[in-house]
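Position 1 is the first residue of the sequence; numbering continues from there. What you see is a predicted model, and the numbers here were worked out from it, not measured in a lab.
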Amino acid sequence: MTRCLPSLTLATLLALPLAAQAQAAPTPAGQRHFPEAALRGNLKVLNQAEAELNGQAVRLAPGLRIFSPHNTLVFAHQLINQPLKVNYLLEASTGMLLSVWMLTEAEARQPRPGHGETQSNLRSEFDTPKTAR
């Protein structure tokens, strides 16, 4: 059993550079694929639990993932008070911010649903102008 230990150690040491290289390889700009449900918006992280998304307050989900333009993970506290153009996903059940992709200039120029678009076409009787009876 102790004879296998040097072989296992050697195999682990040889595999480490390959794993590090695979994680550090940046994705070329414009070639990232975003989920169909991802929307476009302007994000400003206020603290580790809250942010402003398109001027509205939003809570950060406990499992929030923020991806840099190179697809590396970024912590929310590193982005406090920085205005960012992003694609994002909200958690359906809670409305918390779940995933964020910081955009390159080329990605930001590509059209995507989001900020400034109508979110609902529902109207109530209070929305319609009153007419004279």
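- Residue-environment remark: CD (Q56) stays at or below the threshold of 12 foreign heavy atoms within 6.0 Å.
- Contact annotation: the side chain of L98 never approaches that of L64 to less than 4.5 Å [non-hydrogen atoms, C-beta and beyond].
- Both L90 and L79 belong to a single network of hydrophobic side chains, linked directly or stepwise wherever heavy atoms of I, L, V, M, F, W or Y lie under 4.5 Å apart.
- In this structure, M102 CE and N71 CG are separated by 11.5 Å, a value rounded to the nearest 0.5 Å.
- Note: L97 CG to I66 CD1 = 7.5 Å, rounded to the nearest 0.5 Å.
- Looking at heavy atoms from C-beta onward, L84 lies out of side-chain contact with N42 at the 4.5 angstrom threshold.
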In residues 43-50, what donor-acceptor pairs under 3.5 Å come from side-chain atoms, sequence neighbours left out?
from, atom 1, to, atom 2, distance (Å)
N47, OD1, A49, N, 2.8
N47, OD1, E50, N, 2.9
N47, ND2, E50, OE1, 3.4

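- Listed by chain and residue number, V74, F75 satisfy the side chain to side chain contact (heavy atoms under 4.5 Å, CB included) test with Q78 (two or more places apart in sequence, or in another chain).
- Once rounded to the nearest 0.5 Å, the distance linking CG of N87 with OG of S99 reads 11.0 Å.
- Residues satisfying the ring-ring contact (aromatic ring centres under 6.0 Å, His included) test with H33, not counting sequence neighbours, are none.
- L103 forms part of a hydrophobic cluster together with F34, F67, L73, L89, W101, judged by ILVMFWY side-chain heavy-atom separations under 4.5 Å.
- Going from atom CZ of R40 over to atom NZ of K85 covers 6.5 Å, rounded to the nearest 0.5 Å.
- Listed for the R65 side chain is no donor-acceptor partner under 3.5 Å among the backbone atoms of V100.
- For A76 against L60, the heavy-atom pair with the smallest separation is CB-CD1, 4.1 Å.
- Residue pairs satisfying the salt bridge (Lys or Arg N to Asp or Glu O under 4.0 Å) criterion with at least one member in residues 87-101, sequence neighbours excluded, are absent.
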